[in-house]
Amino acid sequence: MGFLDAILGRSKPVRPDLDQLFALPSAAVTLEAAAGFEATGLGSVCFASVEGGAFARIQEEARALLDGPVEFTQDAYGYTWLLVRHPPEDVAGLVNDLHAVNTSLEEAGFGPQLLCSLVGFRDERQRSLALVYLYKRGTFYPFAPARGAGEKRDNPLELQVRAMLGDDLTVEQDLARWFPVWGAPGL
């Protein structure tokens with residue numbers, strides 16, 4: 001960081017640490033014990049769309065790289081989601097696959113297009129919860145859509161989960177960065 005950056009309050013962006021994804025299995029145990037949320041076995045990676053042959057190559061590499069089925073979808077904003085499925089009790093396997101996809105995209109030069117990864121959870125009341133990893137920030141945050149309320153969030157649940165997982169994950173401190181991921185595959 002340079003002198004002018006210090007004076008103007010600018011900081012260097014945090015370099016993504018994909019190895020932080022490996023903290024998710026521990027966080028899943030904490031979530032289940034403390035709040036009754038169990039992993040769904042679904043996880044996804046979101047990245048800005050890539051055109052033409054590069055996208056076809058990404059799809060082929062992802063299918064070859066991962067053991068389980070892989071689905072690609074595009075959301076209303078034009079972002080591509082890669083959905084990975086595992087048995088609900090195999091959070092570690094799911095995280096390994098998400099890490100492999102992120103690493104593969106990064107090594108292929110698509111790091112700037114990576115936005116986030118998420119792992120889905122559900123409780124006995126059928127409330128959905130996702131732990132979202134922000135690639136460019138190197139942090140996690142909980143996203144909990146309010147059940148049956150359209151595009152509304154369950155903010156008290158999100159804050160409760162933040163407090164529960166503070167020892168397991170690097171949680172994003174800036175609540176304005178807790179972006180909603182409406183309709184994300186895996187949620």
Side-chain angles (χ1 to χ4, degrees), residues 1 5-6 9-48 66 79-84 86 88-123 127-145 153-182 184-187:
M1 185 163 72
D5 291 332
R10 295 185 292 215
S11 61
K12 279 181 135 178
V14 175
R15 180 159 164 73
D17 179 8
L18 290 175
D19 288 346
Q20 287 192 44
L21 289 171
F22 294 122
L24 281 169
S26 173
V29 170
T30 301
L31 266 179
E32 185 171 358
F37 276 91
E38 296 181 2
T40 61
L42 302 174
S44 55
V45 175
C46 180
F47 53 96
L66 307 178
Y79 294 105
T80 300
W81 290 86
L82 178 145
L83 175 68
V84 180
H86 273 262
E89 63 277 2
D90 188 17
V91 176
L94 178 63
V95 167
N96 284 337
D97 282 356
L98 294 175
H99 185 275
V101 167
N102 277 293
T103 301
S104 176
L105 287 167
E106 187 178 56
E107 288 173 354
F110 296 110
Q113 280 87 2
L114 284 167
L115 299 175
C116 67
S117 294
L118 67 84
V119 173
F121 296 85
R122 189 158 283 124
D123 70 1
R127 293 184 298 173
S128 294
L129 172 72
L131 294 180
V132 182
Y133 177 73
L134 289 172
Y135 182 80
K136 289 176 178 46
R137 304 276 296 174
T139 56
F140 291 88
Y141 69 91
F143 173 68
R153 296 169 79 162
D154 187 341
N155 296 114
L157 176 59
E158 291 177 354
L159 295 174
Q160 178 187 7
V161 170
R162 174 181 71 172
M164 275 185 249
L165 298 180
D167 292 336
D168 292 306
L169 302 174
T170 304
V171 177
E172 175 60 49
Q173 296 302 309
D174 183 356
L175 298 182
R177 301 258 185 203
W178 290 22
F179 304 111
V181 286
W182 304 116
L187 183 60

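Worth saying up front: this structure is predicted, and the values here are computed from it rather than measured.
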Any side-chain heavy atom of Leu118 sitting closer than 4.5 Å to one from Val181?
yes
For the ring pair Trp182 and Phe143, is the centre-to-centre distance below 6.0 Å?
yes
State whether a side-chain donor-acceptor pair under 3.5 Å links Tyr141 with Glu158.
no
Whether Trp178 side chain and Phe140 backbone form a donor-acceptor pair below 3.5 Å:
no
Gly36 backbone acceptor or donor facing Glu38 side chain under 3.5 Å
no
Student check: side-chain heavy atoms of Phe22 and Leu24 closer than 4.5 Å
no
Write down the atom of Pro112, the atom of Gly109, and the distance for their closest heavy-atom approach.
CD-O, 3.8 Å
Check whether any side-chain heavy atom of Leu157 sits under 4.5 Å from a side-chain heavy atom of Pro142, and report yes or no.
no
Is there a side-chain contact between Leu42 and Val84 in this structure, where contact means two heavy atoms from C-beta onward sitting under 4.5 Å apart?
no
Taking the side chain as every heavy atom from C-beta outward, state whether Gln113 and Leu105 have any atom pair closer than 4.5 Å.
no
Looking only at side chains, do Ser128 and Arg122 share a donor and an acceptor under 3.5 Å apart?
yes
All heavy atoms of Met164 vs all of Ala34, minimum pair found to be SD-CB, 3.4 Å
Using every non-hydrogen atom in the two residues, find where Gly138 and Tyr133 come nearest and quote the distance to one decimal.
CA-OH, 3.4 Å
Closest non-hydrogen contact found for Leu114 with Glu106 is CD1-N, 4.3 Å
Would you say that Arg177 contacts Leu134 through its side chain, given a criterion of any heavy-atom pair below 4.5 Å between the two side chains?
yes
Ignoring hydrogens and geometry, is there a side-chain-to-backbone donor-acceptor pair from Thr103 to His99 under 3.5 Å?
yes
Short side-chain to backbone donor-acceptor contact, Asn102 and Leu98, under 3.5 Å
yes
Examine distances only and state if a side-chain atom of Gln20 and a backbone atom of Thr139 form a donor-acceptor pair shorter than 3.5 Å.
no
Report yes if some heavy atom in the side chain of Arg153 is under 4.5 Å from a heavy atom in the side chain of Pro180; otherwise report no.
yes
As an exercise, state the distance from OG of Ser104 to CZ of Phe110, rounded to the nearest 0.5 Å.
9.5 Å
For the pair Tyr135 and Leu18, evaluate side chain to side chain contact (heavy atoms under 4.5 Å, CB included) and give the outcome as yes or no after the intermediate values.
CA-CA 8 Å; Tyr135 182 80; Leu18 290 175; 3.7 Å; yes
Which distance, rounded to the nearest 0.5 Å, do you find between the CG of Leu83 and the OG of Ser44?
6.0 Å
Report yes if the side chains of Leu187 and Thr40 come closer than 4.5 Å at any heavy-atom pair, otherwise no.
no
Just verifying a value: how many Å separate Phe47 CZ and Leu82 CG, rounded to the nearest 0.5 Å?
6.0 Å
Spacing of Cys116 atom SG and Leu131 atom CG [to the nearest 0.5 Å]
12.0 Å
Please find the pair of heavy atoms, one from Ala39 and one from Val91, that lie closest to each other, and give the distance.
CB-CG2, 3.5 Å
Nearest-0.5 Å distance that lies between atom CG in Asn155 and atom CD in Gln160
12.5 Å
For a side chain to side chain contact (heavy atoms under 4.5 Å, CB included) check, start with the C-alpha distance between Val119 and Phe121, then their side-chain angles and the critical distance, and finish with the verdict.
CA-CA 7 Å; Val119 173; Phe121 296 85; 3.8 Å; yes
Minimal non-hydrogen separation, Ala144 against Leu129, with atom names
CB-CD1, 4.0 Å
